[in-house]
Amino acid sequence: MKKPIIIAGPCSVENEEQMLLTARALAKIPGLSFLRGGVWKPRTRPEAFEGRGEEGLKWLREAKLETGLPIVTEVATPEHVELALRYEVDALWIGARTVVNPFSVQQLADALNGLDIPVFIKNPVSPDLNLWIGAFERFQKAGLTRLSAIHRGFSYYKESPYRNFPMWEIAIELKRLLDVPVITDISHICGNRVLLRDTAQKSLDLAFDGLMVECHHDPDHALTDAAQQITPSALQDMLESLTPRTQHADSDDPVLAALRSEIDDIDDELLQLLARRMNVSSQIGEYKRQHGLTVVQMDRWKRILSEHLETGSRLGLSKELIEKVFEDIHQASIKRQL
Ligand code: PEP
Ligand code: MN
């Protein structure tokens, strides 16, 4: 397995002592890739702590000089970029609230034009894959080549145990389309300490490329995101408790080979069945057209979906899967009949 990229450090740079104590402890963890620290904090309410700005960059640079760890901070405006570069920040990240705004992203891309600095692009707050991809395109057009993604979960209208719902499938799709490293920001996904380990393991199991974890020498008294920050030693324990998985299965493994061949056969059957279903659907479409019937027959659609849900549940298939699959099939059918 490729070595995971581990980015750790406080949510916010608060003062010199906090930054140095945290950085010294983190520097003892083997395999740390970047020391993070936010100096401009995008806060929901204006009275909240909004970061130390330029002063914070001084302490971040001090931590870099003392520990030798490369440093990374969030930038949201061209002025931030200029200051970050002045204080020898090694990499930048673009926050979730900035990536939602193409004007801001374009300004940042212009400010970084032609520079060879690594940039980590967080997913936008809303689950919008194209908006995330668009941010990559703006930086690529500006000539930046060392781009990675940070998956930090999405705002979601439903109750969930997460602060930001992971929707892993969006991050998987981004990786498939852009072929960039994707780091999982377990801290902002979870919003608490309890879920961190399992979320980190899930990220490894899904073959993502690393973790971002907020660490503070005294997390309970952190000025921002106290509930989700952990001590450097808790991070070390967590990292040691994770089970690595290899991405490339041994192609000679006979058990896996047999199971995969069975899956391939089933997929083939599924495709044949889908094609047959679409054919019948076309015939029904033709019949409806000749007899002046509407394409969508709501009563029938409601009835078959509820029957499929019942059958599916008897077969141990989740409601979510059945709804998703049959809604897609039904949509494709309607399209064909139109
Ligand atoms: C952060 O990393 O501290 C942060 C503000 O993250 P996000 O943009 O993901 O909310
Ligand atoms: Mn934070």
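Read the numbers this way: they start at 1 and go in the same order the structure lists the ligands and their atoms.
- Among protein heavy atoms, the minimum distance from atom 8 (O) of ligand 1 is reached at Ala96 N, 2.9 Å.
- Counting the atoms of ligand 1 from 1 in the order shown, those under 4.0 Å from a heavy atom of Arg97 are 7 (P), 8 (O), 10 (O).
- Below 3.5 Å of separation, one finds an N or O of Lys41 facing an N or O of ligand 1.
- In summary, Arg289 and Glu286 engage in a salt bridge, as defined by a charged side-chain N under 4.0 Å from a carboxylate O.
- Heavy-atom distances between Cys11 and ligand 1 reach below 4.0 Å in at least one pair.
- Ranking protein heavy atoms by distance to atom 5 (C) of ligand 1, first place goes to Glu74 OE1, 3.7 Å.
- The atom name of the N/O/S atom in His188 closest to the Mn ion (ligand 2) is NE2.
- Polar contact with ligand 1: absent for Met212 (N/O pair, distance under 3.5 Å).
- The Mn ion (ligand 2) sits nearest to atom OE2 when only the N, O or S atoms of Glu214 are considered.
- Close approach to Trp93 involves these atoms of ligand 1, each under 4.0 Å from a residue heavy atom: 1 (C), 2 (O).
- Here the shortest heavy-atom distance to atom 10 (O) of ligand 1, taken over Arg163, Arg152, His188, Glu214, belongs to Arg152.
- With respect to the Mn ion (ligand 2), Asp225 has OD2 as its nearest N, O or S atom.
- Looking from atom 6 (O) of ligand 1 to the surrounding protein, the closest heavy atom is Lys122 NZ, 2.9 Å.
- Between Asp225 and ligand 1, not a single N/O pair is under 3.5 Å apart.
- A salt bridge is absent between Arg260 and Asp265: the closest approach of a Lys/Arg side-chain nitrogen to an acidic carboxylate oxygen does not fall below 4.0 angstrom.
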